Each structure stands twice: as C-alpha cells, then as structure tokens.
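Just so you know, these numbers come straight off a predicted model, no measurement behind them. In what follows, every chain begins at residue 1, and chains take the letters A, B, ... in the order their sequences are listed.
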Amino acid sequence: MYKAPRGTSDQLPSEQKYWSYVQDVIESVCMTYGFDRINTPIFESTALFARTVGDQTDVVQKEMYTFDDRGGESLTLRPEGTAPVCRAYLEHGMHVLPQPVRVFYFCPIFRYERPQAGRFRQHNQFGVEAIGDPDPLVDAEVIQLGWDMTTQLGLKKMNLVINSIGDSECRPAYLEALKSYYAGRLDELCKDCHSRFERNPLRLLDCKEESCAPFIAGAPESVQYLCENCKDHWDKLRRYLKSSGLEYVEDHRLVRGLDYYTRTVFEIKPQGGGSQSTVLGGGRYDGLIQQLGGPVTPGVGFGCGVERLIANLKEQTALVKDHRMRKIVVACLGDEAVEAGILIANELRGSGISSVMAPRSRSLKSQMRYASNLNARFTIIIGQDEIVNQTVLLRDMDEGSQKETHVSEITNMISSMVAL
RNA sequence: GUGGGCGUGGCCUAGUGGUUAAGGCGCCAGGUUGUGGCCCUGGAGAUCGAGGGUUCAAAUCCCUCCGCUCACCCCA
C-alpha cells in the first residue's frame, strides 16, 4: 500500500472548510493593508537559498530537498518564502514601482525534518514582504497585519513578541559580549549549547535546558548594544506599535534561525503553547537583496504556518462555516428516466446548482438513502409515470414532503428555494 | 541525526499464549408493488505493520526491520 510520504498529508474534503476560511481571511486582510499576491516557482536554484538563508543554518545544512535536474542544474524545493520573493523583485525590476513593494504569498514549503506535532516536511506558509523602505513604520505595519490576521481568524490568547538583534554595524560587538559572557561558563552549559557557542551564539539565548536558564537570564541583551541607527529604529518601532494599540512583549531571548535577519525580529504564538507552536515569525532583512547581487534594498516580512493556524483554530473550537453548497440528487427508475435525469441535472448545473445523479442499478430506496447520506437538500425522482406526464417528483429532504412538478419549471423552482 | 511511546477491517476499540480474532462507527443490501433519516436483520471488509525466532500452540513472549507518534536539534 502506498502512503503519503513521511511528513506530508492529504487535505481531505472534510478539512477544506478550514483552508478556504483561512485563505479568505488572509486575502481580505492583505487587501486592506494594500498587499498584492505573488506566486513564485515551487523550486529555485539551490544557491538562492544557500546564500541568503545561511550556509551554517540547519535549513541549508540538513533540511533542503535538493536535486539535479536532467540538465545538471542544482535545484531546491522552496524551504522558505522570502528569498524567492526578493529574487522576483530583482528579476522584474520592481525597484521602479512605488516603494515599498507590498506582496503576500501562500504556498507550500519543503524541509527535510523529522516530523512532530506542528512540524511537517511539506507545509503551507502564508507570508508577506514589504521591500524597499527602511522605515520602522513599515515594520509596524507588517507586524500589525500579522496580528490583525490572527484576530480576524478568531484566534484568542496569542502573544506578540518582539526584539531587535541589530545590524552589521552593531551586532558583531554584541556577539563578542555574548561570547565572552558565556566563555567563562562553558563547562556548566549543556551539550547543545556548546555547539551553539561555536556555530550560532544567538541561539544560546533560546536553550530550553533548565540548567542553562540562569545563564540566559544574566546574559547581555542585544538591545543594549544597538548602534545609533538601530536604536532609533527600535525606539520608533515600539512607539508606532504602541500608538496603534498593539500589545507586545519585548523579549531579548527572541532570535531567529535564518541568517538574513537584521534589526527587528518578531513572533506570534499562542499563550502556553507547546514546543512547535509559533504560528508566525519574521523580521527585517536589510542585507538580503544586496546578497543576491542587487542594490542595497531594505525589506521586512514574515512567514506564517497555515497548518499551525488551523490547529489553533480547531483547538479553540473557533466556529468555521462550511460553505459547501448542498446537493440535489437525481434518482431515476429505468433507462428512459436516466436520460431525462441527465438533462435535468445539466440544466441545474447550468444555473449554478450542485446536482449529482444517484448511483445506477439501485433500488429507489437505495437511491434515497444515498441522497440522505449526502445530506442532499432535494431529491428529484423520475419514474415511468413522470416520463409520461413530463413531470418529476421534487422531494424536500429536510421537510420530508414532495410534490409533482412539470420538468420545465423544475430549475426555477429549485433556484428560488435554494436562494432562501 | 538523537531519544521515548505505539502499530488489530476505512475509522475507533476488545482480546496480553489455546478451537473459525470480538464489538462500535462507517459502507452495502433487505424489512414485498416507485421513497431517505429512526429501528430491526443480513452482507462485504483483517495474511492482527513486515520478516525471523521460542513453543505442541503466538495478535499475545523474544530479536530485527518498517511505519506512525511525541520530544530534542531546528523551525512556520
């Protein structure tokens, strides 16, 4: 038996209401913030990600789905959404558009990881990018969009966490301070923190080991090492967030895993959420486009895990309406009736009404049961008598009542009743 | 990549050494002529994750592998 590959899953018909609900809300929120949709390819040149995400990051080191195509070119299934959008920005000369360019995407993301709760090898991300404006006002706008989306989805008890990790100007000094702080306590740190010390000191602040907690509490904070420009950016951002009434938590332990982030980083996660609960994460990436060979171009954005959004929706039992149209089932007795039934079903479809033929070579009882199991709104019954009279029986499955109707009137009649 | 838990019809579960593996949900069909939902009856559907071992006898005990799941690393 074939099964969906590890870490992937089918979005079954019964799940579709969540997906269309989330997509609808996302699209309308993005629209109100002036963000337009962009779609990029599902795979890109491997180098695009290796260069921007960072050679030393786990994403590049061990999580990319990379393959050579038949022409020998190394391609990679998109492991994140920002770099492709920046590539498209450059490729299509979007710097001539009014800046910042505001776009959003909704697409599958691939990472070769061990799956667990809230983590998959293929998942869907909704993300936004605002490219071409360094102003903290844009950071605030992007953050507010993300927050608005979660509230409009109906998610409660979410936390917005923000931090600033500086830029190429001031971060080196901070990293030095952090390393010298930790250098004296190396033998007291956990095994993972030893490798963090070497590979990615910022992540020392994110250790979940209890024994490391006291060191984190006393560690130097990046916001205290910000250079003039970064400090100004950080102060203004917070002022903008406050003035729009957004409640946020400053957390100096918040760091992000991708190398391209500068200054602002932020996350939205459910209160008391487990380990893989972050629903939305992003930040500013002022050096990314330059790294792609473009001119110095600032940008800010976030990625949001749609599966995690939906998991939260279900947990909070937020009401999500099923917008599927109820069906009309056409039940026929005899070959002649089937031919008449096909015509009627097609006529209904032509008027935008969902209609299906009941499975053939079954008793009427069985066809009725079928209609009932599909939660059909009406069943149209056609037998010999109806053929002769040019009529059908229209049965209301909710009321349990039925009446004989001339074939020429059936579509109008159903249209008016479905409209109710 | 590392560690824990778990694998019984499509789904949920009983069975923890002894005849044809049990039940619920779902599916299909019947309960007299062309009528659903409730009820009743019946049917289909499982090489008990796979392979090997112990035993007179294995879903049940042991080993290996595979899969799922949770956690770590890391991330949405």
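Nearest nucleotide to the side chain of A/H123, out of B/A76, B/A71, B/C73: B/A76.
In this structure, A/F378 places its CZ atom 16 Å from C1' of B/G37, rounding to the nearest Å. Between the CZ atom of A/F106 and the P atom of B/A76 there is a distance of 16 Å, given to the nearest Å. Per the geometry, CG belonging to A/L374 stands 10 Å off P belonging to B/C27, to the nearest Å. Nucleotide B/U69 holds its C1' atom 16 Å from the CD atom of A/E113, rounded to whole Å. Atom P of nucleotide B/C73 and atom CZ of A/R199 are separated by 12 Å, given to the nearest angstrom. One atom, CG of A/D58, and another, C1' of B/C72, lie 12 Å apart when rounded to the nearest Å. Nucleotide B/C74 holds its P atom 12 Å from the CD atom of A/Q116, rounded to whole Å. Between the C1' atom of B/C73 and the CD atom of A/E63 lies a distance of 9 Å, rounded to the nearest Å.
Listed pair A/Q276 / B/A76 fails the phosphate criterion, with no side-chain N or O lying under 4.0 Å from OP1 or OP2.
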Sort me out a list of protein N/O and nucleotides 44-47 of chain B N/O pairs below 3.5 Å, or just none if empty.
none

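A distance of 4.5 Å separates CD of A/E307 from CG of A/N124, quoted to the nearest 0.5 Å.
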If the sugar-phosphate is the primed atoms plus P, OP1 and OP2 and the base is the rest, what is the B/S/- string for nucleotides 29-36 of chain B, using protein heavy atoms under 4.0 Å?
-> BSB--BBB
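When Watson-Crick and G-U wobble pairs are counted only if both distances are under 3.5 Å, B/U2 pairs with B/A71.
Counting any heavy atom pair closer than 4.0 Å across all strands shown, A/K3 reaches sugar-phosphate atoms only and no base atom. Heavy atoms of A/R256 sit under 4.0 angstrom from primed sugar atoms or phosphate atoms, though from no base atom. Within the nucleic acid shown, A/E307 has no heavy atom closer than 4.0 Å to any nucleic acid atom. A/G118 comes within contact range of at least one nucleobase, with a heavy-atom separation under 4.0 Å. Residue contacts for A/R196: at a heavy-atom cut-off of 4.0 Å it reaches the sugar-phosphate backbone alone, with no base atom in range. At a threshold of 4.0 angstrom between heavy atoms, the contacts of A/E267 with the nucleic acid are absent. Residue A/F120 is in base contact, counting any heavy-atom pair closer than 4.0 Å across all strands shown.
Between A/R114 and A/G281, it is A/R114 whose nearest contact on RNA chain B lies nearer the 5' terminus.
Neither side chain, A/Q144 nor A/Y240, offers a donor N or O lying under 3.5 Å from an acceptor on the other.
Each of A/D192, A/D58, A/D259 was evaluated against A/R199; a single residue qualifies, A/D58, per the salt bridge (Lys or Arg N to Asp or Glu O under 4.0 Å) test.
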Stepwise side chain to side chain contact (heavy atoms under 4.5 Å, CB included) test for A/Q11 and A/Y18 = CA-CA 10 Å; A/Q11 296 167 4; A/Y18 293 102; over 6 Å; no
Please step through salt bridge (charged side-chain N to carboxylate O under 4.0 Å, His left out) for the pair A/D398 and A/R326, ending with a clear verdict.
-> CA-CA 12 Å; A/D398 293 346; A/R326 289 180 69 189; 2.9 Å; yes
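Looking at A/K62, its side chain has no donor and acceptor atom pair within 3.5 Å of the base of B/C74.
When the C1' atom is used for both B/U2 and B/G18, the distance is 42 Å, rounded to whole Å.
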